[in-house]
Amino acid sequence: MQERGQGPHCPDLLIDIAVRDALEIRTFEPIVQAIHRQFPVKKRYTSHGPRSFPQESTWLRDLRIAIYRQDLAEIETLFDDARQAHWRLTHSLSEVLQHIINNPFDADWFSSLSLDFRQYGLRLTLTESAQKGLPADDAFELIEEMYHAGQADTETCLVYTEQLWLRGHLGEASGVLSETDINGHAAKEGALRGAIAFLTGQNEDAIAYFQMGLKAAGKTKTAQASWFDNPAAALYFFALLNDGMPAALQEVESHCQSLQRQSDHWLQESMSPLWRSLHNQRAREDSSAQAPTALS
């Protein structure tokens, strides 16, 4: 396929299927070598300088190649090259890797990757599925196998815990947390323990856990907004609303205002209905407080 102003390229929905087929029949490397011979990327300044990619799409081509080769050093070099390019980089490694893994998800191919790549890819895939409410059963089965085989690092265990509570396995989620060395991940631990406590009717404990996690995330508005990237952290709003005390409702309002200003945050669109719910609750409380009693 070829469009005006571009060289030949494969449609996006087919490209990763074609690459995986090439890997399976061992034609991947010859194809890569042919592409680099036919469409070379020049070095800037000297033969040892950064590569001068003419556009981001060419850079993405080589990033995809490096990912399929699982070449971490080359991936790092490519991002160094991109930072010196005349065009602006619009993709992160996590976005590109996540797209490749799910274009479409192929459990057999994914299982052939190194452990580090599998863990990183599963975390990205399952975090996106949690935030967008997308099914990811194949990825969940793989992370579950990885956990029970003792191959999951702390971050991967936390994502597995997240999936367990989302699927209603609260006891198992709590057990995984208790068995995992959480050192350095107190922010996410607080969110997860808070969600489990809230869903089991322990509202006071839930708020205490959520506040522990939020404190560990940092004091700045940016750090606290990032803490709400955890799907479990969204339940903090419900725990505060359930508490109903003025200080709790004030905190809901504060976080709601902060996330409304984060245009790219996954919870941003949810803040308007939450804001309305908060003010409806306050209106009911004000009405109850002003209603005459039988003795007045």
Participant: Quick one: side chains of residues 170-178, donor-acceptor pairs under 3.5 Å with protein atoms, not counting sequence neighbours, listed by atom name and distance.
Facilitator:
{"unit_1": "Ser178", "atom_1": "OG", "unit_2": "Ser174", "atom_2": "O", "d": "3.1"}

Participant: Using a 6.0 Å distance limit plus a 45 degree cone around the ring axis, check whether Arg118 lies over the aromatic ring of Phe110.
Facilitator: no
Participant: Please identify each residue that fulfils side chain to side chain contact (heavy atoms under 4.5 Å, CB included) with Ala22, with sequence neighbours left out.
Facilitator: Thr27, Phe28, Ile31
Participant: By salt bridge (Lys or Arg N to Asp or Glu O under 4.0 Å), which residues pair with Lys132, not counting sequence neighbours?
Facilitator: Glu128
Participant: Can you label the angle between the Tyr236 ring and the Trp227 ring as parallel, tilted or perpendicular, going by 30° and 60°?
Facilitator: perpendicular
Participant: Which residues satisfy the ring pair (Phe, Tyr, Trp, His ring centres under 6.0 Å) test with Phe79, sequence neighbours excluded?
Facilitator: Trp59
Participant: Which donor-acceptor pairs under 3.5 Å do the side chains of residues 99-108 make with protein atoms, sequence neighbours left out?
Facilitator:
{"unit_1": "His99", "atom_1": "NE2", "unit_2": "Asp12", "atom_2": "OD1", "d": "3.3"}
{"unit_1": "His99", "atom_1": "NE2", "unit_2": "Asp12", "atom_2": "OD2", "d": "3.1"}
{"unit_1": "Asn102", "atom_1": "ND2", "unit_2": "Gln98", "atom_2": "O", "d": "2.9"}
{"unit_1": "Asn102", "atom_1": "ND2", "unit_2": "Thr125", "atom_2": "OG1", "d": "3.3"}
{"unit_1": "Asn103", "atom_1": "ND2", "unit_2": "Asp12", "atom_2": "O", "d": "2.8"}
{"unit_1": "Asn103", "atom_1": "ND2", "unit_2": "Asp16", "atom_2": "OD2", "d": "2.8"}
{"unit_1": "Asp106", "atom_1": "OD1", "unit_2": "Asp108", "atom_2": "N", "d": "3.1"}
{"unit_1": "Asp106", "atom_1": "OD1", "unit_2": "Trp109", "atom_2": "N", "d": "3.1"}

Participant: Looking at Val41, is its backbone amide N or carbonyl O close enough to the side chain of His36 to form a donor-acceptor pair, meaning the two atoms are under 3.5 Å apart?
Facilitator: no
Participant: Would you give me the side-chain donor-acceptor pairs under 3.5 Å for residues 154-162, sequence neighbours excluded?
Facilitator:
{"unit_1": "Thr154", "atom_1": "OG1", "unit_2": "Asp181", "atom_2": "O", "d": "3.1"}
{"unit_1": "Thr156", "atom_1": "OG1", "unit_2": "Gln119", "atom_2": "OE1", "d": "3.2"}
{"unit_1": "Thr156", "atom_1": "OG1", "unit_2": "Arg123", "atom_2": "NH1", "d": "2.9"}
{"unit_1": "Thr156", "atom_1": "OG1", "unit_2": "Asp153", "atom_2": "OD1", "d": "2.7"}
{"unit_1": "Tyr160", "atom_1": "OH", "unit_2": "Glu144", "atom_2": "OE2", "d": "3.0"}
{"unit_1": "Thr161", "atom_1": "OG1", "unit_2": "Cys157", "atom_2": "O", "d": "2.8"}

Participant: Does Met245 reach the side chain of Leu240, with side-chain heavy atoms less than 4.5 Å apart?
Facilitator: no
Participant: Residues in side chain to side chain donor-acceptor pair (under 3.5 Å) with Glu29, at least two apart?
Facilitator: Arg69
Participant: Kindly indicate whether the side chain of Ile207, heavy atoms from C-beta on, has any atom under 4.5 Å from the side chain of Phe198.
Facilitator: no
Participant: Show which side-chain atoms of residues 266-273 pair as donor or acceptor with protein atoms under 3.5 Å away, not counting sequence neighbours.
Facilitator:
{"unit_1": "Trp266", "atom_1": "NE1", "unit_2": "Phe228", "atom_2": "O", "d": "2.9"}
{"unit_1": "Gln268", "atom_1": "NE2", "unit_2": "Gln260", "atom_2": "O", "d": "3.2"}

Participant: Do the non-hydrogen side-chain atoms of Leu63 and Glu74 ever get within less than 4.5 Å of each other?
Facilitator: no
Participant: Considering residues at least two apart in sequence or located in another chain, which fulfil the side chain to side chain contact (heavy atoms under 4.5 Å, CB included) criterion with Lys221?
Facilitator: Ser254, Ser258
Participant: Run the side chain to side chain donor-acceptor pair (under 3.5 Å) test against His169 and tell me which residues pass, sequence neighbours left out.
Facilitator: none
Participant: Under the salt bridge (charged side-chain N to carboxylate O under 4.0 Å, His left out) definition, can you give me all pairs with a residue in residues 250-267, not counting sequence neighbours?
Facilitator: Glu253-Arg282
Participant: Going by side chain to side chain donor-acceptor pair (under 3.5 Å), name the residues that satisfy it together with Ser111, two or more places apart in sequence or in a different chain.
Facilitator: none
Participant: So Arg51 and Lys42, do their side chains get closer than 4.5 Å, heavy atoms only?
Facilitator: no
Participant: Just to verify, which of Phe210, Tyr209, Trp165 counts as forming a side-chain contact (heavy atoms from CB on, under 4.5 Å) with Arg193?
Facilitator: Tyr209
Participant: Is atom CZ of Arg26 surrounded by more than 12 heavy atoms (other residues, nucleotides or ligands) closer than 6.0 Å?
Facilitator: no
